[in-house]
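Chain A is the first sequence line, chain B the second, and so forth, proteins listed ahead of strands; every chain is numbered from 1.
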Amino acid sequence: DAGVIQSPRHEVTEMGQEVTLRCKPISGHNSLFWYRQTMMRGLELLIYFNNNVPIDDSGMPEDRFSAKMPNASFSTLKIQPSEPRDSAVYFCASSIRWGGANGELFFGEGSRLTVL
Amino acid sequence: DAKTTQPPSMDCAEGRAANLPCNHSTISGNEYVYWYRQIHSQGPQYIIHGLKNNETNEMASLIITEDRKSSTLILPHATLRDTAVYYCIVRDSGSARQLTFGSGTQLTVLP
């Protein structure tokens, strides 16, 4: 399996522009997670989906952030408008069956976002 | 979920065992101990997890004390590629809550 695939790997944009990050989870996994990593705050969970339904979005910073999962093989994280403080590495992760004793997440390589 | 405490950094000689400690003194009966690592510029990688008993897989061994208040991740023969940040996380198996990553231990394997 190719693993979790994220795109773009690197994005540089100007403040105010819309940013869309994409994720393809591992086939057969029914849970998907978006994390953000910065030096100051470490790894933070933004939102997670189970069977394409958002379960917990309490980590989404504000209304400028939105995430969708239209089907089991694709998810997007959108920032509109972007701000310099959104600069971070955004990770997508998937799990075959989240919950219970299963705590194994498979992470993608991340999307490094720089907002100027 | 219980809070964990890890040393911020450790060094280990290549070829020797790396023993990474984690304190989770407030762990409850339903909480598992998970270990992940993050190699520079990569996404975190699952290593191992356990509840009460010691666990071993192809990557590492996990030793959990009898009172479950602390654990040790053992990399039996550390290589340069094991240089990474290692995260110890506890999570309640009875809920669907997410994994919360702390600051971890930066392990540096020295040649």
Novice: Suppose a student defines contact as a heavy atom less than 4.5 Å from any heavy atom of chain A. Which residues in residues 53-61 of chain B would they list?
Specialist: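 Within residues 53-61 of chain B, near chain A: nothing under 4.5 Å.
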Novice: Heavy-atom distances under 4.5 Å only: say whether A:Tyr35 touches chain B with side chain, backbone, both or neither.
Specialist: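 For A:Tyr35, the contact with chain B is made by the side chain alone.
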Novice: Cluster question for you: counting only ILVMFWY and a side-chain heavy-atom cut-off of under 4.5 Å, with indirect links fine, are A:Met69 and A:Leu21 together?
Specialist: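 Yes; tracing contacts between hydrophobic side chains, which count when under 4.5 Å, links both residues.
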Novice: Are B:Phe101 and A:Leu46 connected, step by step, through hydrophobic side chains (Ile, Leu, Val, Met, Phe, Trp, Tyr) whose heavy atoms are closer than 4.5 Å?
Specialist: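 Cluster IDs for B:Phe101 and A:Leu46 differ.
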Novice: For the CD atom of A:Glu104 and the CD1 atom of B:Ile48, what is their distance to the nearest 0.5 Å?
Specialist: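 Between atom CD of A:Glu104 and atom CD1 of B:Ile48 there are 11.0 Å.
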Novice: Working note: A:Leu105 + B:Tyr36, criterion side-chain contact (heavy atoms from CB on, under 4.5 Å); need CA distance, chi angles, decisive distance, verdict.
Specialist: CA-CA 9 Å; A:Leu105 294 180; B:Tyr36 278 74; 3.6 Å; yes
Novice: Please check if B:Tyr87 and B:Leu51 belong to a single hydrophobic cluster, counting links between Ile, Leu, Val, Met, Phe, Trp and Tyr side chain heavy atoms closer than 4.5 Å.
Specialist: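 Hydrophobic grouping puts B:Tyr87 with B:Leu51.
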Novice: Is A:Phe49 linked to A:Tyr90 within one hydrophobic cluster, defined over Ile, Leu, Val, Met, Phe, Trp and Tyr using a side-chain heavy-atom separation of less than 4.5 Å?
Specialist: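 Linked, A:Phe49 and A:Tyr90 end up in one cluster.
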Novice: More than 12 foreign heavy atoms under 6.0 Å from CD of A:Glu14: is that the case here?
Specialist: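 No - once you tally the heavy atoms of other residues, nucleotides and ligands closer than 6.0 Å, there are 12 at most.
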Novice: With a 6.0 Å cut-off (strictly less than), is the heavy-atom count around CG of A:Asp63, excluding the residue itself, greater than 12?
Specialist: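 Atom CG in A:Asp63 is not crowded, with 12 or fewer foreign heavy atoms closer than 6.0 Å.
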Novice: More than 12 foreign heavy atoms under 6.0 Å from CZ of A:Arg64: is that the case here?
Specialist: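 Above 12, so yes.
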Novice: Considering only heavy atoms, which portion of A:Leu43 lies under 4.5 Å from any heavy atom of chain B: side chain, backbone, both, or neither?
Specialist: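 Both the backbone and the side chain of A:Leu43 come within 4.5 Å of chain B.
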Novice: Which residues in residues 78-87 of chain A have a heavy atom less than 4.5 Å from any heavy atom of chain B?
Specialist: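 When heavy atoms of chain B are the reference, residues 78-87 of chain A contributes no residue within the under-4.5 Å range.
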Novice: Under 4.5 Å between side-chain heavy atoms, counting indirect links through other Ile/Leu/Val/Met/Phe/Trp/Tyr residues: same cluster for A:Phe33 and B:Tyr34 or not?
Specialist: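 A:Phe33 clusters together with B:Tyr34.
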Novice: Contact part of A:Gln6 toward chain B, heavy-atom cut-off under 4.5 Å: side chain, backbone, both or neither?
Specialist: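 When you check distances to chain B, no heavy atom of A:Gln6 falls under 4.5 Å.
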Novice: How close do B:Gln42 and A:Phe91 get, heavy atom to heavy atom, and via which atoms?
Specialist: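 Closest pair (atom of B:Gln42, atom of A:Phe91, distance): O-CZ, 3.7 Å.
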